[in-house]
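Below is one structure, written out as structure tokens, with a few remarks after it.
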Amino acid sequence: MYTQALNVKDTALPAADPQREARFQARIDAEEKIEPNDWMPDGYRQTLVRQIAQHAHSEIVGMHPEGNWITRAPSLKRKVALLAKVQDEGGHGLYLYSAAETLGVSREELVEQLLDGRQKYSSIFNYPTMTWADVGVIGWLVDGAAIMNQIPLCRCSFGPYARAMIRICKEESFHQRQGYEIMVALCRDGTPAQKAMAQDALNRWWWPVLMMFGPSDQDSQHTDKSMRWKIKRFTNDELRRKFVDATVPQGRYLGLTFPDPDLKFDETTGHWAFGAIDWSEFRRVVSGDGPCNRQRLRQRKRAHERGAWVRAAVLAHAAKRRAREQAAAGVAAE
Ligand SMILES: [Fe+2]
Ligand SMILES: [Fe+2]
């Protein structure tokens, strides 16, 4: 979901090496983890860099819609929980940039590609958070969709990504709980006005959340290779269906109505059938024309510029420490 397989075509790859590729694929088939210093096909490396970077950017940009509500949370308890959640998302971004760096790209390059628009982040973070109920819906549905997508990534064939996902998933489940608990407070214990606010939030977020799983399988350009390499374990449509099956009963417990007249339980398949997704909206948002795309990138650029002094200070400190250590080593050697 944070990894919607959105980016442009792979750049030209060096000539294939069929023998090494066969050995590599045999390791993947045997469920061995691939580590940074192991040989890997360039396509595998590029796919992972693209996916992990997109995931990292999504965690970082994803701090904006909710960060917006920290000062307006309705109680101290809510404020503390939301603050912790938004900080977790920042941490997720940092683990993921580190995982991407093991593939030979630098965090600086990746951040630059986000800021100049060459790399994407999840479409979901281009929607506005209008009311406090949106914070509940984001935890319940956006983090819920993240969990559905990310649990299988704990078994991804690339070791550093898989290991980062284990910790991230534990934190995501806290995020989902805090969101759902806000929804319970609004819908089951709240006033009619609070329940109406929750329904309005669900109405606005439901379809964009379904789009988080990425294009449908017929239109997803990266799915086949990613499945063969065991980067992905389920297709976009499979994950979307699992998410709908898990989420509809939760919404019904809240007494909410999903904004989809075609949503109904299909006795023959045992799954919830749902209506057609408006893929033109998805393409519009991904290509930069969603309700908040410009605002999010503007905020990100400003935050990056304002952080320049911190980066400069950290580098200056590291250089001084290195110089001191070298001087001490020189004295010891004399
Ligand atoms: Fe996260
Ligand atoms: Fe989260």
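Atoms within each ligand, like the ligands themselves, are counted from 1 in listed order.
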**OP:** Indicate yes or no: does Glu32 engage Arg155 in a salt bridge with an N to O separation below 4.0 Å.
**Re:** no
Original post:
Quick one: do Glu181 and Arg177 make a salt bridge, cutoff under 4.0 Å?
Top reply: no
Under 2.8 Å: N/O/S of [X] next to the Fe ion (ligand 1):
{"X": "Glu172", "answer": "yes"}
{"X": "Glu89", "answer": "yes"}
{"X": "His92", "answer": "yes"}
{"X": "Glu59", "answer": "yes"}

Original post:
Of Ile182, Leu256, Leu202, which meets side-chain contact (heavy atoms from CB on, under 4.5 Å) against Cys187?
Top reply: Leu256
Original post:
Under 3.5 Å, is there a donor-acceptor pair between the Asp260 and Trp206 side chains?
Top reply: no
Original post:
So, His271 and Asp266: side-chain donor and acceptor under 3.5 Å apart, yes or no?
Top reply: no
Subject >> Opening angle between ND1 in His175 and OD1 in Asp143, taken at the Fe ion (ligand 2), to 10 degrees >> reply: 110°
